[in-house]
Structures are given as C-alpha cells and as structure tokens.
Amino acid sequence: SCIRWCYYQTNLFGDPSLEFYEKEENQAPESPEIKGPSKGSMGEEYSFEFTLIDPDPDDSLYIMVDWDDGTTGWFGPYPSGETIEITNTWDTPGTYDVKVRGIDIKNRVGEWSVPLTIEISSNQPPNTPSIDGPKTGSIKKLISYKFSSTDPEGHDIYYSVDWGDGNYMPYTGPYSSGEEATFSHAWSEPDQYTIKVKAKDIYEGVSPQSSFKIQISKSRSSINLGLF
C-alpha cells in the first residue's frame, strides 16, 4: 500500500523534508591589537589600548596582559569589538615587550598579540617651568607669554598650557632644554584667569605644574562706548 511504501522509504532514506546542519565549533578570539607609548620613565603610569574581537560576536571576552616585568593580569569580561584602556607602571629601567591574548566565555584561548615594545628609562622629568608675561590685559587681544624649563639630562622639552578659560594647548614642541617657547592667547570675557603649564621630555617625564594669574578687563573702547 502507499502507506507502507512511504513508511519504508522514510525509514530507509530519511525524511527529505528534514534538513540537518553541522554544529559550528566555537572559535577562539582573534589576536588583540595594542596601542600605547614606545618610551617612558620608571615610576610613571602609562595607558595602553587593547581592541578585542571574537569571531562569535555574542561571546564575552577576558584578556590577559603580560607586561614583561614578571607581572600579568586578567581583565574583563568585555564585549567583542570593544577597545579598553589599562595602565601600568614600571619600577626598573629596561626594554619591555607588552603582549596580550584573549579568552572567551567558552574557554577558547586566542593567540598572543604582536608585542608592543616600550623603553623605560631612569629619566628625571624637566624642572618646573617659568612663565613670563603681562599680568593684565583686555578682552579679545592676543597676549604673548614666554615659557621655559630645563631638563636634568638635557633632553628636548614639550609644553602644555591650560589658559584657564576652557581652552587647552596640548603638548607642543620639541624645544631645547632651557630654550624659551612663546605662545599667545586671547580671552573673550573679563575675569581673572589662571594660566597653568607643564613641561615633559622625550621620555614622557612630566614636570610639576606652574601657574600665573592674569586679570582681563573690557577694552577702553568698549568702556567708552558704554557711556553713551
């Protein structure tokens, strides 16, 4: 009968309406990318960025960082594709190869990353910089200041300036040790502002901060206009 034939065919050859899928094996995380400084000073804290990617996007990831100074650390969990920032400090001068690997929640371990090499020196930071310039000024008028610092080892120097009004100049340079650097700024509102400056050398050694106060007032012309 047809019923018997269909039963025979289905059991012998399988039901053709059924589809079978091969279960995909969980894949290990990819080798992470590292971004960070290549030079530094002992005792200073440095930040590194690690980007984690897992072929299985739903997997959360942990990472192990080997700082090449005898210490390692596990961090996480993080979602795949996230860039995280982790800091480290070295207490001994030398050359260190920082590397990282990922492990997913199913315990699949990825390969070590390409190392990022950082050279840590026993460098001393620059001395506290000096600031030379006017203590008063008018709004919307460019005012110039001279900044100077010396480095104990004679390294080149970069300067960073906070103008006190929400404007910030990132590290700019290099300048020779002891060389004056001139930067200008204009303030838009009358008030008293505090200029703050730091110096750093080529090995990321950062000086103590120095400060300088300036009183900004309305210009004489705007005061006169206000009288009429």
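Being a predicted model, the structure only gives us computed values, none of them experimental.
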Quick one: are [X] and [Y] in side-chain contact, heavy atoms under 4.5 Å?
X: Arg101; Y: Val109; value: yes
X: Asp97; Y: Asp66; value: no
X: Ile139; Y: Ser188; value: no
X: Asp69; Y: Thr92; value: no

Indicate whether the side chain of [X] and that of [Y] have a donor and an acceptor atom separated by less than 3.5 Å.
X: Ser148; Y: Tyr175; value: no
X: Asn123; Y: Ser41; value: yes
X: Thr51; Y: Thr83; value: yes
X: Thr194; Y: Lys213; value: yes

Students should find that the hydrophobic cluster of Tyr158, defined by side-chain heavy atoms under 4.5 Å apart, otherwise consists of Tyr171, Ile202, Tyr203, Val206
Excluding Val114, membership of its hydrophobic cluster (Ile, Leu, Val, Met, Phe, Trp, Tyr; side-chain heavy atoms within less than 4.5 Å) reads none
Indicate the atoms forming the closest heavy-atom contact of [X] with [Y], along with that distance.
X: Ser160; Y: Tyr168; value: OG-OH, 2.8 Å
X: Pro152; Y: Pro125; value: CD-O, 3.3 Å
X: Glu45; Y: Thr87; value: OE2-OG1, 3.3 Å
X: Phe48; Y: Gly36; value: CD2-CA, 3.8 Å
X: Asp68; Y: Tyr96; value: O-CD2, 3.2 Å
X: Glu189; Y: Ile216; value: O-CG2, 3.8 Å

Euclidean distance, [Y] [atom2] relative to [X] [atom1], rounded to 0.5 Å:
X: Leu116; Y: Ile118; atom1: CG; atom2: CD1; answer: 7.5 Å
X: Ile84; Y: Leu61; atom1: CD1; atom2: CG; answer: 9.5 Å
X: Thr172; Y: Phe183; atom1: OG1; atom2: CZ; answer: 5.0 Å
X: Met42; Y: Thr89; atom1: CE; atom2: OG1; answer: 12.0 Å
X: Glu49; Y: Glu85; atom1: CD; atom2: CD; answer: 6.0 Å
X: Ile214; Y: Trp163; atom1: CD1; atom2: CH2; answer: 9.0 Å

Q. Between Thr72 and Val65, is a side-chain contact (heavy atoms from CB on, under 4.5 Å) present by the stated rule, with each step listed?
A. CA-CA 5 Å; Thr72 57; Val65 183; over 6 Å; no
Check: [X] side chain, [Y] main-chain N or O, donor-acceptor pair, under 3.5 Å:
X: Ser177; Y: Gly154; value: no
X: Ser113; Y: Val100; value: yes
X: Ser149; Y: Phe147; value: no
X: Ser80; Y: Asp54; value: yes

What's the verdict on side-chain contact (heavy atoms from CB on, under 4.5 Å) for Ser210 and Ile131, showing C-alpha distance, side-chain angles and the deciding distance? CA-CA 8 Å; Ser210 63; Ile131 308 174; 3.9 Å; yes
Within the supplied structure, the quantity of interest is the number of heavy atoms (other residues, nucleotides, ligands) at a distance under 6.0 Å from [X] [atom1]; does it exceed 12?
X: Glu44; atom1: CD; answer: yes
X: Lys146; atom1: NZ; answer: no
X: Glu111; atom1: CD; answer: no

Answer with yes or no whether the hydrophobic clustering places [X] together with [Y]; edges join I, L, V, M, F, W, Y residues whose side-chain heavy atoms lie under 4.5 Å apart.
X: Ile53; Y: Met64; answer: no
X: Ile105; Y: Leu52; answer: no
X: Trp112; Y: Trp74; answer: yes

Could you give me the CA-CA distance, side-chain angles and deciding distance for Asp201 and Asp156, then say whether side-chain contact (heavy atoms from CB on, under 4.5 Å) is met?
CA-CA 6 Å; Asp201 63 18; Asp156 285 350; over 6 Å; no
Please report the C-alpha distance between Asp165 and Trp187 in whole Å, then the side-chain angles of each, then the deciding distance to 0.1 Å, and finally whether the side-chain contact (heavy atoms from CB on, under 4.5 Å) criterion is met.
CA-CA 7 Å; Asp165 60 353; Trp187 287 265; 3.4 Å; yes
Practice problem: Scan residues 124-137 for pairs that pass side-chain hydrogen bond (donor to acceptor under 3.5 Å, both in side chains), counting only residues two or more places apart or in two chains. | Solution: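 Qualifying pairs: Asn127-Thr150.
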Test ring-ring contact (aromatic ring centres under 6.0 Å, His included) applied to [X] - qualifying residues, sequence neighbours left out:
X: Tyr78; value: none
X: Phe50; value: none
X: Tyr46; value: none

Ring center gap for Tyr62 and Phe75 short of 6.0 angstrom
no
Centroid separation under 6.0 Å, is that true for the rings of Phe212 and Tyr145? yes
